[in-house]
Every structure is written in structure tokens, then in C-alpha cells.
2 protein chains.
Amino acid sequence: MKRAEGRSTCPTNFTVETFGDSWSLLIMRDLLTLGKHTFGEFLRSEERIGPSVLADRLARLERSGVIVRTPSETDARKVTYSATERGIAAIPLLYEAARWGRGGVPVEEDDPWEAVMAMDRHDVLDAWQQAVREGGSLFGGAESAFARLIARARADA
Amino acid sequence: MKRAEGRSTCPTNFTVETFGDSWSLLIMRDLLTLGKHTFGEFLRSEERIGPSVLADRLARLERSGVIVRTPSETDARKVTYSATERGIAAIPLLYEAARWGRGGVPVEEDDPWEAVMAMDRHDVLDAWQQAVREGGSLFGGAESAFARLIARARADA
DNA sequence: GGCATTGACTTTGATCATCGTAGTGACCTA
DNA sequence: TAGGTCACTACGATGATCAAAGTCAATGCC
């Protein structure tokens, strides 16, 4: 945190203050592309975030208004985190982050991003944001945007 | 730096490892939108980066292949930093960062971003990337992409 | 040629953040 | 009621960041 609040009124700087650290954007990725929703799921991310940093980042993202924390109704131990509309609005940013990052990472044959990047950008963003509004994500779960996009592509062919 | 090299092969993580800190993306903003090119210009950024951190980030961005360091031919004290093609490819990311950030910052009447966001995204990205290839930037300098876009918009009207 | 200045960094020492590991305590499950 | 799960906290060591001052070559000005 530190001097982070309001170094300037530049929009880019605002984005940097919200997502410009080693973990915040990865948490948003887990939430929005993989459909992770609980502390434990985020903890088990590929990049191995520690619990103290995770707790701090979730609190910050909540304070920033991009995610909400909701205690589970069925299990009082559990808490679910989900994206607000402001968080959903960051999906194009995440999309461009994934697109640019593809150029620096080995191409994997069956990476679903390969298929996604071949689709129309606007279609992808629409389906993705809609899926998140309905509790889904890009790749995670049965009602994933990816599944819907693939089905539509097949139908059009 | 630290454990930063290759936590995973996820493209989003690769982007985070390159730009995911408080300063790297702001340096790219200064370079690509404002047309700054020298150490001193970056130092005088609105957000007041310190010289040691700036030196470190410039070195990292160079190692990442998004910028190049070139000693000036006319003045042997000076060094100019400019974007590589890989850096130019990050322009859509910067565009989305600015777009998302607009929602968290007070709207300023004469902010050129307001005008840019009203234009066609594809046109803006094209003109912007072309301007950078020619040594310009989005807003900085006479041959700015912004000036060109405004002129074209006026001609079309 | 001398001298203040510019420009690109380094150095330094104090402060701050992050890391990994080990809890803690409420809660559910058998 | 014993054992596990879950969402965090606490902690000490390590690493990054900060502001301010300093280095040093190159330049502009007289």
C-alpha cells in the first residue's frame, strides 16, 4: 500500500494502483478465467501465493470495489469471492494481458487460449462477461464462456 | 526480481512478470503516450519515481526486450530509450489500462483520453502503433497519433 | 582553457513489504 | 467428540523501495 493512494489522477496510474503488483491480476485471472471463488482455491494457484499476501490482496481488491466477499450460506467456514461489475469491466484488460503474454511463453498445443485468440475479440469479451455475470468464468465450470463459444463456432460451420 | 522469472508458463503471468509492479507500466505510458525518451524525462514523471528504481526498471524492461537503450549520437551524455516491436505490441494493453482506469479517476473536461475513447478502437491502435514506429507517440510531439486522428475526424465530418 | 551545468546513473541507510512456515479458532463430518 | 477443513493471523528472516546525496563524463559559455 504505502504511498499508493493517489499518486496522480492519471487513469493508467489508477489501474496500476489497483492491479500493479505481482499478485492482484493473477487473482483476477483465477477468478475470471478459471472460476475460482474461495481462499483455498486461490491459495492453490500455479504461482503459489502465500496466505498472508493473499489475504492482503483480497482485502485490497475488495476495498477497490472489484470483488465482493460473501460468507457462504451453506457452510459458515467458507467465504466466496466474486467479481463486481467494476471487476467484470477489467476483463478486456485481462484479455490483452493474456494476448501480449502469449508472445513470451512456449506455445502449448492444446492451450484453450489458442482457440480463444482465433475467435472474434468482441464475441469473446461479450460471452466472457456474460458468463461471469451468471456466476461462471471463461474456462471454468460447465457453463463456461469457452464452451459456449466453441459450440457456437461449431454451429456456424 | 527475486522469484519472478518463470513462476509458471501462463501468458497472463508472463505479462505480470514483465509489467506487474508499481512503475513498469507507467514508464511504458510515458514512453508510448507522452513520448518521453530520456532518463531525466522519466524521472520527472507526475508520480515521482526515484532514480535508483528507475534505473532498475529500465534495465529490466530492456532485458525483457520491450525497450532499447541507445546512446545519443549528438550528445554523448544522453541516452534515449525507445520501444521495440514487442513493446509496441503492448499498446493495446496500455489502452485497456487507460480505459479501465478512467472509471476511477475524476473526469477532466479537456483530457485528450476523453476524445480518444470516443474514437474507433481499431483506428486509435493503428495510428498509435504507427506513430511510435515513426518515433512519435500517442499525445507527445507534433507528429502525434492524436493530432493525426483529430485531423482525420475533422476531415470526415 | 576554466567552470558551472547537465545528464545518467550509484550509493547509502532507514523504512517497508514479502516470503515461507507455523499456528489459531470457528465449524462441519463421522 | 475426535479429526479434518477452512479462512485467515503471527512471525522472523530476507528482499525491495524510499529520499537524498554523490559520482563522473560530457557539454555550454565565457
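Worth saying up front: this structure is predicted, and the values here are computed from it rather than measured. Convention: sequence-line order gives letters A, B, ...; per-chain numbering from 1.
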Undergrad: Are D56(A) and R60(A) close enough for a salt bridge, meaning some N to O gap below 4.0 Å?
TA: yes

Undergrad: Do D75(A) and S72(A) have a side chain donor and acceptor closer than 3.5 Å?
TA: no

Undergrad: Rounded to the nearest angstrom, tell me the gap between atom CD in E62(B) and atom C1' in dC9(C).
TA: 14 Å

Undergrad: Are any protein N/O atoms closer than 3.5 Å to N/O atoms in nucleotides 6-12 of chain D? If there are, list each pair with its distance.
TA:
{"unit_1": "dA7(D)", "atom_1": "OP2", "unit_2": "G40(A)", "atom_2": "N", "d": "2.9"}
{"unit_1": "dC8(D)", "atom_1": "OP1", "unit_2": "R69(A)", "atom_2": "NH1", "d": "2.5"}
{"unit_1": "dC8(D)", "atom_1": "OP2", "unit_2": "R69(A)", "atom_2": "NH1", "d": "3.2"}
{"unit_1": "dC8(D)", "atom_1": "OP2", "unit_2": "Y81(A)", "atom_2": "OH", "d": "2.3"}

Undergrad: Are the ring centres of F146(B) and W128(B) closer than 6.0 Å?
TA: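 No, they do not, as the ring centres are separated by 6.0 Å or more.
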
Undergrad: Look at E96(B) together with R121(B) and state whether they make a salt bridge at an N to O cut-off of under 4.0 Å.
TA: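 So E96(B) pairs with R121(B) through a salt bridge.
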
Undergrad: So, are D111(A) and R102(A) salt-bridged, with charged N and O less than 4.0 Å apart?
TA: no

Undergrad: Mapping A76(A) and D21(A) onto DNA chain C by nearest heavy atom, which one lands closer to the 5' end?
TA: D21(A)

Undergrad: About how many Å separate CG of L31(A) and NZ of K36(A), when rounded to the nearest 0.5 Å?
TA: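 If we round to the nearest 0.5 Å, K36(A):NZ and L31(A):CG are 10.5 Å apart.
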
Undergrad: Measure the distance from CZ on R57(B) to P on dC18(D) and round it to the nearest whole Å.
TA: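 From R57(B) CZ to dC18(D) P: 8 Å.
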
Undergrad: Could you list the residues that satisfy side-chain contact (heavy atoms from CB on, under 4.5 Å) with E134(B), not counting sequence neighbours?
TA: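 Partners of E134(B) by the side-chain contact (heavy atoms from CB on, under 4.5 Å) criterion, ordered by chain and then number, come out as Q130(B), R148(B).
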
Undergrad: How bent is the helix from dG1(C)-dC30(D) to dA30(C)-dT1(D), measuring the angle between the end axes built from five pairs each, rounded to 10°?
TA: 20°

Undergrad: Send over the distance from L61(B) CG to dC9(C) P, rounded to a whole Å.
TA: 13 Å

Undergrad: What integer distance in Å separates R60(A):CZ from dA17(C):C1'?
TA: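 It works out to 9 Å between those atoms.
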
Undergrad: Between W100(A) and F14(B), is the gap from one ring center to the other below 6.0 Å?
TA: yes

Undergrad: Any side-chain N or O of R48(B) under 4.0 Å from OP1/OP2 of dA19(D)?
TA: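 Checking dA19(D) against R48(B), no side-chain N or O comes under 4.0 Å of OP1 or OP2.
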
Undergrad: When the distance from CH2 of W23(B) to C1' of dC18(D) is rounded to whole Å, what number comes out?
TA: 10 Å

Undergrad: Nearest-Å distance, CG (D56(A)) to C1' (dG20(C))?
TA: 16 Å

Undergrad: On a heavy-atom basis, which atom in P51(B) and which in F39(B) lie closest, and how many Å separate them?
TA: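 That closest heavy-atom pairing would be O-CZ, 3.6 Å.
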
